[in-house]
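This report refers to the structure that appears directly beneath it.
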Amino acid sequence: QVQLVESGGGLVQAGGSLRLSCAASGRDFSMLTMAWFRQAPGKEREFVAAISWSGGSTSYADPVKGRFTVSRDNPTNSLWTQMNSLKPEDTAVYYCAARPTTAFDPTVRDKRRYIYWGQGTQVTVSS
């Protein structure tokens with residue numbers, strides 16, 4: 001089992017920045033592929049970013065590429081995403097997710113491949 005707890009969400013004006021954190025516990029963090037997903041009201045949960053077990057590989061959804069940066073620290077079981085130049089369309093609940101594999105391939109974008117999920121943190125970007 002893996003427990004994931006997100007934090008760092010809030011209300012920010014367009015153009016501003018936020019840093020989301022995800023604290024993991026319960027399993028060897030370095031054996032997990034980690035990702036962020038988001039869900040806006042009335043929409044499907046969508047992929048945001050993923051990072052490999054070592055942090056050496058990352059993947060980003062096109063809408064956030066160049067604005068968001070995902071990172072991790074295995075010794076402290078921590079995952080982050082730095083979100084810059086935020087837009088109103090970034091408004092959503094953001095979820096941290098984990099899957100127990102070190103493989104990093106296009107399936108990292110598929111929410112069905114993730115077993116563990118956090119409770120989510122709300123990000124609201126005002127125009």
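As a basis for the values below, the full set of heavy atoms in this structure was taken, side chains included, without hydrogen atoms, waters or symmetry mates. Since we're looking at a predicted model, the values are computed, not measured.
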Same apolar cluster (I L V M F W Y, side chains within < 4.5 Å links), W80/F68
no
d(T124 OG1, D90 CG) to nearest 0.5 Å is 11.0 Å
Contacts of type side chain to side chain contact (heavy atoms under 4.5 Å, CB included), residue P63, not counting sequence neighbours
R38, A61
Pairs where residues 48-90 contributes a residue and the test disulfide bond (SG atoms under 2.5 Å apart) is met, not counting sequence neighbours
none
Not counting sequence neighbours, list each pair that qualifies as a disulfide bond (SG atoms under 2.5 Å apart) and has a residue in residues 37-78.
none
Heavy-atom side-chain contact between Y60 and V70 under 4.5 Å:
yes
Closest non-hydrogen atom pair, P100 against I115
CD-CD1, 3.5 Å
Nearest heavy-atom contact between V12 and G16 is CG2-CA, 3.8 Å
Would you call P75 and D73 a side-chain contact if the rule is heavy atoms closer than 4.5 Å?
yes
First locate atom SG of C22, then atom CD of E6, and finally report the distance between them rounded to the nearest 0.5 Å.
5.5 Å
Exercise: identify the closest heavy-atom pair between S52 and F104
N-CE1, 3.4 Å
List the atom of A50, the atom of Y114, and the distance in Å for their closest heavy-atom pair.
CB-OH, 4.1 Å
Which atoms form the tightest heavy-atom contact between M83 and V123, and what is the distance?
CE-CG2, 3.9 Å
If I take atom OG from residue S59 and atom NZ from residue K65, how far apart are they, to the nearest 0.5 angstrom?
7.0 Å
Look at the aromatic rings of F37 and F47 and report parallel, tilted or perpendicular, splitting at 30° and 60°.
perpendicular
Please round to the nearest 0.5 Å and tell me the distance separating atom CD of Q122 and atom OG1 of T91.
7.0 Å
Indicate if L79 and V64 have the same hydrophobic cluster label, given that clusters are the connected sets of ILVMFWY residues with side-chain heavy-atom separations under 4.5 angstrom.
yes
Treating Ile, Leu, Val, Met, Phe, Trp and Tyr as nodes and any side-chain heavy-atom pair under 4.5 angstrom as an edge, say whether V108 and I51 lie in one connected cluster.
no
Output for pair (K87 NZ, R67 CZ), nearest 0.5 Å, gives 4.5 Å
Salt-bridge test for R109 and D62: reply yes if a basic N is under 4.0 Å from a carboxylate O, no otherwise.
no
If you group Ile, Leu, Val, Met, Phe, Trp and Tyr by side-chain heavy-atom gaps below 4.5 Å, do V5 and Y116 land in one group?
no
Keeping the roles fixed (side chain from N74, backbone from W53), state whether a donor-acceptor pair exists under 3.5 Å.
yes
Could you state the interatomic distance from CZ (R72) to CZ (F29), rounded to the nearest 0.5 Å?
4.0 Å
Which heavy atom in S85 sits nearest to a heavy atom in S17, and how many Å separate them?
N-OG, 4.3 Å
Answer yes or no: are there more than 12 heavy-atom neighbours, outside K43 itself, under 6.0 Å from its atom NZ?
no
Would you check if R45 and W117 make a side-chain contact, meaning some heavy-atom pair closer than 4.5 Å?
yes
In terms of hydrophobic clustering (I, L, V, M, F, W, Y; side-chain heavy atoms under 4.5 Å; direct or indirect links), are Y94 and L4 co-clustered?
yes
Going by heavy atoms in the side chains, are M34 and C96 under 4.5 Å from each other?
yes
Quick one: do the R113 and T101 side chains pair a donor with an acceptor below 3.5 Å?
no
